[in-house]
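Below is one structure; the comments refer to it alone.
All residue numbers refer to positions in the sequence shown, counting from 1. Bear in mind that the values here come from a model prediction, so they are computed numbers and not experimental data.
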Amino acid sequence: MADGTYERAFILEVAGPTLDFLVERRDALPNIGRFLDQGAWGRLRGKPHPGAPQSFAAVLTGRNPGATGLFDTFAFEAGGYERAPSDLRLLGRSRLYHLLADHGKRVGLLNVPLTAPVEPVNGFVVSGDEGVGDQFAYPPEVRDALVAAGYVVPFGASYAPGREREFADHALRVLAMRRRAALELFGDGRCQFGMLTLHLYGELLHAFWKFYDERHPDYRPAVEVFGGRDPLLETLRGIDDLLGELVALAGPRALVIFMGAWGHRLVHSKVHLNTVLAHGGDLRFRPNARTGLKRVMFRLGVTSAAAERLAHRLNLWKLFHYKMARGQRAKVTGATFLSLRDIDWSRTRAMAVGPAGGVYLNVRGHRPEGLIPPEEYESERERLRRQLADLRDPRNGEPMVERVCTRDELYRGEQVTHAPDLVVEWRPGYAGDGAFAGGGKLVSPAPPNLSSDHSTEGALLAFGAGITPGRHDAALEDVAPTVLRALGVPVPAGLDGAVLPLWTGA
């Protein structure tokens with residue numbers, strides 16, 4: 001637009017497909033093809049270990065994790081040893097939709113993470129967060145209408161071998177449910193900003209990547225598993241159809257963004273970082289009977305990861321995963337299985353925390369029982385960095401690590417002190433684990449439901465009147481300031497992201 005503003009802006013967020021993934025399938029995706037031909041497009045970069053708290057915080061605030069304080073699914077803050085769910089309250093009203101609503105814009109969010117507990121806004125919010133419970137939407141009449149229509153927040157199905165077609169059909173049903181809700185809620189054209197997140201495609205990629213990538217040890221051709229079906233393309237076609245409907249709903253004076261907060265990549269093996277640290281003498285356990293019994297159970301394979309695999313086989317995990325909040329799950333697993341509670345902090349120099357395994361050093365003055373003197377911090381961090389960078393797969397001698405980054409290399413801001421000291425970026429096929437799994441093995445096969453995991457590279461495609469066609473690579477932090485500028489709302493000072501030059505005057 002000549003004045004650099006639009007009447008509406010809409011984001012359809014579908015984590016998983018990379019730009020290359022979409023380009024390879026563009027002939028079967030007319031709306032995504034139109035975005036690629038007539039719009040702006042590029043790679044969308046995030047930080048290592050992307051997940052909902054870190055990545056959506058960057059999207060919704062325009063700030064990096066060092067400023068938001070959200071580094072992973074769980075926080076492991078300085079000053080203690082408690083692993084707690086990432087605290088969304090750190091974001092306050094700095095989230096994009098609050099900024100827009102505070103400037104009089106009517107907003108609508110459907111199935112979007114980092115929105116619970118839901119708060120009053122000028123418009124509506126339907127959360128996509130785990131464990132959100134019955135109070136998943138504002139205002140109450142929106143929640144009541146969705147419940148009456150059969151809408152549910154959880155994805156609601158677990159993948160296990162032998163349930164491939166059932167799982168693919170379930171994903172299509174979830175897509176149809178989200179589509180009905182989107183067309184109903186956004187159909188009146190009242191929202192000036194809308195956002196819809198579809199987690200379901202990532203669920204398919206986690207489960208089915210091994211049927212499309214010959215490098216996976218369990219590779220079987222998709223045609224052998226699904227017959228004449230291609231569930232990844234079939235579901236993406238449905239998403240493409242929905243994208244076309246959303247473009248039509250948004251109208252001719254709208255900016256529409258199709259993006260993924262992260263991409264996906266091959267995973268066939270999990271590297272158990274706490275086992276690595278324990279074998280190297282950097283992590284020690286409490287010398288008491290309870291921890292001793294847990295360690296025996298651990299060596300016998302009785303772990304929280306084993307319980308999770310059983311829940312997947314019984315088709316219960318996703319229901320459990322979404323119905324119970326992360327903090328509750330952590331308390332149950334920590335009390336039952338070997339966990340951070342069993343670490344002897346007075347003798348421990350480092351530990352890994354979180355699903356991806358950020359590594360934290362136990363520094364004196366930084367943690368209550370810190371073992372590492374502050375003056376030795378940098379030398380100890382460098383020692384561990386080299387140790388982790390040199391990790392090789394004991395099964396074949398292959399290197400597993402792409403690089404190891406320090407927190408100062410990745411983040412900036414007032415919350416950096418709470419960040420992991422070291423973050424491992426893995427070579428294709430490997431993913432980290434900051435829990436206690438593997439029964440004492442350094443590396444074990446990834447579970448059947450995890451043949452791919454999140455990667456730092458997603459995709460961003462933008463379409464609308466006045467868009468300058470061509471490539472525009474971007475960072476997650478660029479999304480919020482770009483939408484604010486598009487809708488004529490002042491961009492706050494101090495953001496890490498920048499307004500993308502997608503249209504004249506941007």
Side-chain angles (χ1 to χ4, degrees), residues 6-13 52-53 56-57 59-61 85-156 174-200 242 245-246 248-251 254-257 261 322-327 479-480 483-484 486-489:
Y6 291 81
E7 287 184 352
R8 294 187 180 86
F10 198 97
I11 296 174
L12 175 58
E13 193 280 326
F56 277 89
V59 169
L60 293 175
T61 68
S86 293
D87 192 346
L88 309 185
R89 291 173 297 181
L90 286 170
L91 303 182
R93 293 189 68 83
S94 65
R95 281 168 273 192
L96 172 62
Y97 59 97
H98 282 306
L99 295 173
L100 292 168
D102 289 346
H103 280 81
K105 306 294 183 182
R106 183 175 176 83
V107 303
L109 289 90
L110 176 58
N111 201 47
V112 178
L114 260 66
T115 52
V118 292
E119 301 167 328
V121 296
N122 178 22
F124 67 85
V125 176
V126 181
S127 181
D129 287 307
E130 300 171 11
V132 68
D134 296 330
Q135 304 304 311
F136 63 86
Y138 172 88
E141 53 266 30
V142 167
R143 180 198 64 223
D144 295 344
L146 287 173
V147 170
Y151 184 92
V152 294
V153 175
F155 178 75
V174 172
L175 175 59
M177 175 182 65
R178 305 282 187 240
R179 174 184 174 273
R180 288 192 299 270
L183 297 183
E184 177 65 28
L185 291 172
F186 296 114
D188 61 12
R190 297 169 62 196
C191 288
Q192 291 156 292
F193 170 72
M195 183 171 180
L196 166 62
T197 289
L198 297 176
H199 306 289
L200 61 97
L242 175 56
E245 292 176 302
L246 294 174
L249 284 179
L255 170 67
V256 180
I257 293 174
Y322 278 92
K323 284 291 186 182
M324 183 179 288
R326 285 194 180 101
V479 174
V483 171
L484 290 170
L487 292 176
V489 172

Heavy-atom side-chain proximity of Leu109 to Val107 below 4.5 angstrom: yes

What distance separates Arg93 CZ from Leu99 CG, expressed to the nearest 0.5 Å? 8.5 Å

Tell me which donor-acceptor pairs under 3.5 Å the side chains of residues 180-197 have, and how far apart each pair is, sequence neighbours excluded?
| from | atom 1 | to | atom 2 | distance (Å) |
| --- | --- | --- | --- | --- |
| Asp188 | OD1 | Arg190 | N | 3.0 |
| Gln192 | OE1 | Arg106 | N | 3.0 |

Can you give me the closest heavy-atom contact between Ala137 and Arg143, atom names plus distance? CB-CB, 3.7 Å

pair Ile257-Val483: side-chain heavy atoms closer than 4.5 Å: yes

Steps toward side chain to side chain contact (heavy atoms under 4.5 Å, CB included) verdict (Thr61, Phe56): CA-CA 8 Å; Thr61 68; Phe56 277 89; over 6 Å; no

Testing the basics here: between Ser127 and Val118, what is the closest heavy-atom pair and its distance to 0.1 Å? CB-CG1, 4.0 Å

How many angstroms lie between atom CZ of Phe10 and atom CG of Leu249, to the nearest 0.5 angstrom? 8.0 Å

What distance separates Leu246 CG from Arg8 CZ, expressed to the nearest 0.5 Å? 12.5 Å

Are the side chains of Tyr97 and Asp102 in touch, meaning some heavy atoms are under 4.5 Å apart? no

Leu242 versus Leu198: any side-chain heavy-atom pair under 4.5 Å? yes

Side-chain heavy-atom pair His98, Val121 within 4.5 angstrom cut-off: yes

CZ on Phe124 to CG on Leu146, rounded to 0.5 Å: 8.5 Å

Could you tell me which non-hydrogen atom of Val256 sits nearest to which non-hydrogen atom of Ala250, and how far apart they are? CG2-CB, 4.0 Å

Could you give the distance from NZ (Lys105) to CG (Leu484), rounded to the nearest 0.5 Å? 10.5 Å

Mind listing the closest non-hydrogen atom pair of Asp129 and Pro113 along with its distance? OD1-CA, 3.4 Å

Would you say Asn122's side chain and Ala101's backbone share a donor-acceptor pair under 3.5 angstrom? no

Is a donor from one side chain sitting under 3.5 angstrom from an acceptor on the other, for Arg178 and Tyr151? yes

Heavy-atom closest pair (Leu200 atom, Phe155 atom, distance to 0.1 Å) is CB-CE1, 3.8 Å

Please find the pair of heavy atoms, one from Tyr6 and one from Leu255, that lie closest to each other, and give the distance. CD2-N, 3.7 Å

Which value, rounded to the nearest 0.5 Å, describes the distance between Leu91 atom CG and Leu96 atom CG? 12.0 Å

